[in-house]
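Because the structure is a prediction, the values reported are computed rather than measured. In each ligand, atom 1 is the first atom listed, and ligand 1 is the first ligand listed. Values below: all heavy atoms of this structure, side chains included; hydrogens, waters and symmetry mates excluded.
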Amino acid sequence: MACAGVVFLLAAHAVLLLSIAAEATLPPRYPRCNAGDRAALLAVKAALNNASYFQSWTSDIACCHWYGVDCGGDDYDYDPTDSDRVLTLAFLRDDNLTGAIPGDAIAGLTALQDLTFFKVPGITGRIPSSLTKISGTLKSLTISRTGVSGRIPSFIGEKLNSLQSLDLSFNSLSGAIPPSIAALVNLSYIDISRNSLTGKIPPAMLSKVDTIQRGPAILRLSHNNLTGRIPAEFAGVRFMEIDLSRNRLTGDASMLFGEEKKDLVAVYLSRNELSFDMSRLQLPDRFGFLDVSHNAVYGGIPAQMANLTNLQMLNVSYNRMCGQIPAGGNMARFDAYCFQHNKCLCGEPLAPCGGH
Ligand SMILES: *[C@@H]1O[C@H](CO)[C@@H](O)[C@H](O)[C@H]1NC(C)=O
Ligand SMILES: *[C@@H]1O[C@H](CO)[C@@H](O)[C@H](O)[C@H]1NC(C)=O
Ligand SMILES: *[C@@H]1O[C@H](CO)[C@@H](O)[C@H](O)[C@H]1NC(C)=O
Ligand SMILES: *[C@@H]1O[C@H](CO)[C@@H](O)[C@H](O)[C@H]1NC(C)=O
Ligand SMILES: *[C@@H]1O[C@H](CO)[C@@H](O)[C@H](O)[C@H]1NC(C)=O
Ligand SMILES: *[C@@H]1O[C@H](CO)[C@@H](O)[C@H](O)[C@H]1NC(C)=O
């Protein structure tokens, strides 16, 4: 057994992929299509050069049933009150889609709530400002595993007020995270991992989110080049998961922890330059995943760690820690690789503590 158990947090678009894949085997659907949305979709198709992705986007199929398009409601039980407005537009897993994000055409979908570009590496260029035209409705924006580059535009925070979920992971974005992102009161899911971001984490990020309404926050910024300290303001954010691994962050991280942070499940801080006293950390009862490997963390492992019945991952290797590793509970499942290369940690699974 290693430092990790089973990790699963279902991303929003995984659900979308499943629902689109399931459509192939079901009975015929009743036709639905809003004329204005249809015209906007045809403009999107033209802007992306009528690629093979648009094979089902033909006049004999109602536009709510075109591949990657969804109007909500139930496609199979006739209900005259169902909307004919396009709520979801998704471009998924296709190497043949090439060109820039057709922002002007997409802006014609004036009821759009969810826009996804996922695993479309031929989609390049910047995030277009024309997306602000659908700011009143857009709740979820995913641009992930694409060729999109440039800065994260500040209009995301200034104009896309309805956003609840922002996934810009695995692109070639550079520059700093715009501080304006802190203005979004419903944005509780942010993933901008695996880009080339620089600069500091905006101190007020997530501080205005109504987590009572929205649920606890998830923030993933791993694999960038972020510098500076973790904002002290993060002490006040109700996190469920935070992943800041593989950046160049310095200083304290203890503000993320605390017995009172009942929703906190996972903290990933591996490969930074963080330095704080681990023995002072207090962890909430349901805590499950902690990776602080490759930092300059000192102190000992808190005895309370052995009491955490949901603890599935613990990796404190390559730090400056000392003292006896607590025994009992889930501790036996973590092998020596989870504790190696510290100053003077001792006890199972490392060598016994000598010279009492
Ligand atoms: C813990 O971290 C060390 C250093 O990065 C790594 O070698 C080891 O594989 C990690 N263990 C697990 C199970 O993730
Ligand atoms: C779009 O491509 C399809 C084949 O994929 C073709 O039948 C159709 O004529 C094309 N339409 C335009 C406007 O180029
Ligand atoms: C991409 O284009 C190639 C060649 O036209 C075709 O064989 C392939 O099926 C296309 N891929 C997708 C995902 O449509
Ligand atoms: C935030 O979400 C709440 C509840 O879902 C909603 O009433 C409110 O209008 C949203 N705020 C914005 C700015 O969209
Ligand atoms: C971070 O910066 C270093 C040095 O400038 C560079 O080599 C590396 O590719 C950068 N990493 C990322 C993820 O941008
Ligand atoms: C661990 O749990 C036991 C039993 O509930 C309790 O007596 C003990 O104080 C706890 N230890 C720590 C360090 O929280």
Below the 3.5 angstrom mark, is there an N/O of Asn224, backbone or side chain, next to an N/O of ligand 5? no
Short N/O distance, under 3.5 Å, between Arg248 and ligand 5? no
Salt bridge (charged side-chain N to carboxylate O under 4.0 Å, His left out) for Asp37 and Arg85? Distances and angles first, verdict last. CA-CA 7 Å; Asp37 286 347; Arg85 301 303 312 273; 2.9 Å; yes
Taking the ring centre of each residue, are Tyr53 and Tyr67 less than 6.0 Å apart? yes
Rounded to the nearest 0.5 Å, what's the gap from NZ on Lys133 to CD1 on Ile106? Could you check? 11.5 Å
Check each atom of ligand 4 against the heavy atoms of Gln213 and keep those under 4.0 Å away; list them by number with element. 4 (C)
Proximal ligand 4 atoms for Asn161, defined as those under 4.0 Å from one of its heavy atoms: 12 (C), 13 (C), 14 (O)
Cationic N near anionic O, under 4.0 Å, Asp94 to Lys119: no
Do the charged groups of Arg229 and Asp252 touch, with an N to O distance under 4.0 Å? no
What part of Arg214 sits under 4.0 Å from ligand 4 if we count only heavy atoms: the side chain, the backbone, both or neither? neither
Does some non-hydrogen atom of Asn195 fall short of 4.0 Å from ligand 5? yes
Nearest heavy-atom pair of [X] and [Y]: which atoms, and what distance?
X	Y	result
Ser165	Leu187	N-CD1, 3.6 Å
Asn272	Arg248	OD1-N, 3.3 Å
Glu259	Leu283	CG-O, 3.9 Å

Per-atom contacts of ligand 5 with Asn225, taking only distances under 4.0 Å to non-hydrogen atoms: 1 (C), 2 (O), 3 (C), 8 (C), 10 (C), 11 (N), 12 (C), 14 (O)
Which atoms of ligand 5 are found less than 4.0 Å from any heavy atom of Ser196? 14 (O)
List the protein residues in contact with ligand 6, where contact means a heavy-atom separation under 4.0 angstrom. Ala303, Gln304, Asn307
Using the six-membered ring of Tyr298, assess whether NZ or CZ of Arg320 lies under 6.0 Å from its centre and within 45 degrees of the ring axis. no
Would you mind writing out the side-chain donor-acceptor pairs for residues 197-213 within the sub-3.5 Å range, not counting sequence neighbours?
{"residue": "Ser207", "atom": "OG", "partner": "Ala204", "partner atom": "O", "Å": "2.5"}
{"residue": "Asp210", "atom": "OD1", "partner": "Ile212", "partner atom": "N", "Å": "3.3"}
{"residue": "Asp210", "atom": "OD1", "partner": "Gln213", "partner atom": "N", "Å": "3.3"}

